[in-house]
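Given the structure is predicted, the values throughout are model-derived calculations rather than measurements. Chain A is the first sequence line, chain B the second, and so forth, proteins listed ahead of strands; every chain is numbered from 1.
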Amino acid sequence: MPTSWADSVAAADNAAASGGNNRSAYVPPHLRNRQPSSEPPVLAQGGPSSGNVPSGGNRWGAPRNDYGRSGYSSGGGRGGGWNNRNGGWDRGSGREVNPFGDDEGATDVEPVEQENAGINFDAYEDIPVETSGENVPPPVNTFADIDLGDALNKNIRRCKYVKPTPVQRYAIPISLANRDLMACAQTGSGKTAAFCFPIISGIMTGQFPPRAPHMLRTACPLALILSPTRELSIQIHEEARKFAYQTGVKVVVAYGGAPINQQLRELERGVDILVATPGRLVDLLERARVSLQMIKYLALDEADRMLDMGFEPQIRNIVQQMDMPPPGVRQTMLFSATFPKEIQRLASDFLANYVFLAVGRVGSSTDLIVQRVEYVQETDKRSHLMDLLHAQRANGTHGKQALTLVFVETKKGADSLEYWLCSNGFPATTIHGDRSQQEREQALRSFKSGHTPILVATDVAARGLDIPHVAHVVNFDLPNDIDDYVHRIGRTGRAGKSGLATAFFNENNSSMARSLSELMQEANQEVPAWLARFAARASFGGKNRRGGGRFGGRDFRRDNSYSRGGSDYYGAGNMSSGYGAPSGGNGAPSGGYGAPSGGYGGSYGSGVTSAWD
DNA sequence: GCTAAAA
């Protein structure tokens, strides 16, 4: 049984080797030759957790192995003797709309997009993976290696998922072991399923009190999934409904800009998993129509966005000021393609003894996306865009219309570009925060269907949205943050398919030159000579490319232990508190990142980011 | 300063 990080990697190696994919347990150079031998086995806290990923055989409804749970035994909320929450799980399933729209008495026969399911797994070979934390559960190679239960497995087959994507191979066992998780995985790699499967499975097999009677107007979900935009919440809800079909697990979505009454009615009918945007959730909490006291699972999608300046106070309010159980009692999972260190530091407030997971291609932005940068003066952008669109039209593809997503900086700019495109004969629509929710959803539908194959968008569409057939992402205005660039171009090249991203660059973007050219280099993209000159000239623009550069992110806890006595980037006092110190204080990487609760006292703060900027 | 998120 693995007792350290290094052992877990070894276990992963074996598992991978036996599965025929001997590159997936790639150990990056900076992690090789770490000797775990000086580490005492760290079993006191974690308990005999990681080795016991169930090997199938458990029937649905049979109690799952108690792997990894002992570490949380103090938590309560796990009281035995409750009725199974889903005791009457076939109640109402006759009325449940078939989200697949296929067989089995579907009342909703709208054909479903199957292209998503055709995941190109060849694109996922040879992917570097980094994990850290105590007793990291080993990855699995197939869905059959995990005991998710018959109902969930059936839905996985309905989704045409043949085998788990890399992030799913690693994240699902970690999550099934009831461990907190900070996961970094490239755009379009299947993160939603990675947190939904364990949540649904956990709710099905867990011993939870029955859903409150309909009379009670306060809904008490067991799981909360937060996301930064309404459309992303809608999308997560749609996916989660497929995964939860006929499992008895009820998924409800709540977001702003739409009438609240229908959402209230849905909540009254019972909810196990609530998918929400922060503003509407706060509203529901204030009205006492939702209580978080039963929350067992908390997932933040696009977690770095959720914890940046604009969102952080609201999230802190929801997670820390309401009635949600604390870290260690609930299970918390944070997912994103990007995870800046300063955000990791904030995020660790919400986590207990968590596993850090980074899964991604070298360079973190997938090299399935061909990235181009063109020097275009502000005044020439429109005609240049028109040239691109003309060329694309000339190359006309058969079958599905190729879609082009154009990102701009401002809402007004989006409107005016849309108007200009339309008046020049290009069928375009736009999505941004000044449009009504109806208009936003209509625009997205029209774009997805190919009816309006050009979508002009602000950053509202930058993250998470899974839009099949986006062939081209144009950064008409570059963002001011390289991470936003990564998310934007990630709207193409999804599910292992290729895509093209073109950026318009001029003097106004000089602060991005360095990070952009570094990112492109890491993704094996051709960097134009003029951009390299810009990058060399740029003084301190942009943000430092993350840590080792090989991953979309690195566990900031590692940096703490390795940063030359800990005084170069952070205050020395900060280093040894909370997460910083490995158990021996000798910089050994394995184990010992433990016991986060307390110990922080807000000791990080002002001075921390300055080293980067 | 921009974007997002409750009316």
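- Using a 4.0 Å heavy-atom criterion, one finds that A:R230 contacts the sugar-phosphate atoms exclusively.
- Within 4.0 Å of A:V460, counting heavy atoms only, lie sugar-phosphate atoms of the nucleic acid but no base atom.
- The phosphate of B:dA6 (OP1 or OP2) has a side-chain N or O of A:T277 nearer than 4.0 angstrom.
- Applying the side chain to side chain donor-acceptor pair (under 3.5 Å) rule to A:H472 yields the partners A:Q392, A:T502; only residues at least two apart in sequence or on another chain are considered.
- Phosphate contact (OP1/OP2 of B:dA4, side-chain N/O of A:K411, threshold under 4.0 Å): present.
- For the pair A:R440 and B:dA5, the criterion of a side-chain N or O lying under 4.0 Å from OP1 or OP2 is met.
- A:T338 pairs in a side chain to side chain donor-acceptor pair (under 3.5 Å) with only one of the listed residues (A:H487, A:E302, A:Q186, A:R305), which is A:H487.
- To the nearest angstrom, P of B:dC2 lies 16 Å from CG of A:D308.
- The distance between atom CZ of A:R463 and atom C1' of B:dC2, rounded to the nearest whole Å, is 15 Å.
- Atom-to-atom, CZ of A:F311 to P of B:dC2 comes out at 17 Å; the value is rounded to the nearest Å.
- At a threshold of 4.0 angstrom between heavy atoms, the contacts of A:G433 are confined to the sugar-phosphate backbone, with no base atom among them.
- Counting atom types as modelled, A:R305 pairs a side-chain N or O with a base atom of B:dT3 as donor and acceptor under 3.5 Å.
- Atom-to-atom, CG of A:D484 to C1' of B:dG1 comes out at 14 Å; the value is rounded to the nearest Å.
- Looking at A:Q263, its side chain does come within 3.5 Å of a backbone N or O of A:Y255 through a donor-acceptor pair.
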Run the side-chain donor-acceptor check on residues 192-199 of chain A: report pairs under 3.5 Å with partners two or more places apart or on a different chain.
none

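- Inspection of the A:Q235 and A:E231 side chains reveals no N or O donor paired with an N or O acceptor under 3.5 Å.
- If you check B:dA4, B:dC2, B:dA6 against the side chain of A:H432, the one that comes closest is B:dA4.
- Atom CG of A:N317 and atom P of B:dA5 are 18 Å apart (whole Å).
- Note on A:R488: nothing from the nucleic acid sits closer than 4.0 angstrom, heavy atoms only.
- The nearest whole Å value for the distance from the CG atom in A:L285 to the C1' atom in B:dA5 is 14 Å.
- With rounding to whole Å, A:D415 atom CG is found 14 Å from B:dT3 atom C1'.
- Rounded to whole angstrom, the span from the CD atom of A:Q437 across to the P atom of B:dA6 amounts to 9 Å.
- Side-chain atoms of A:N480 lie closest to B:dG1 of the nucleotides B:dA6, B:dC2, B:dG1.
- Ranking B:dA6, B:dC2, B:dA4 by closeness to the A:T229 side chain, first place goes to B:dA4.
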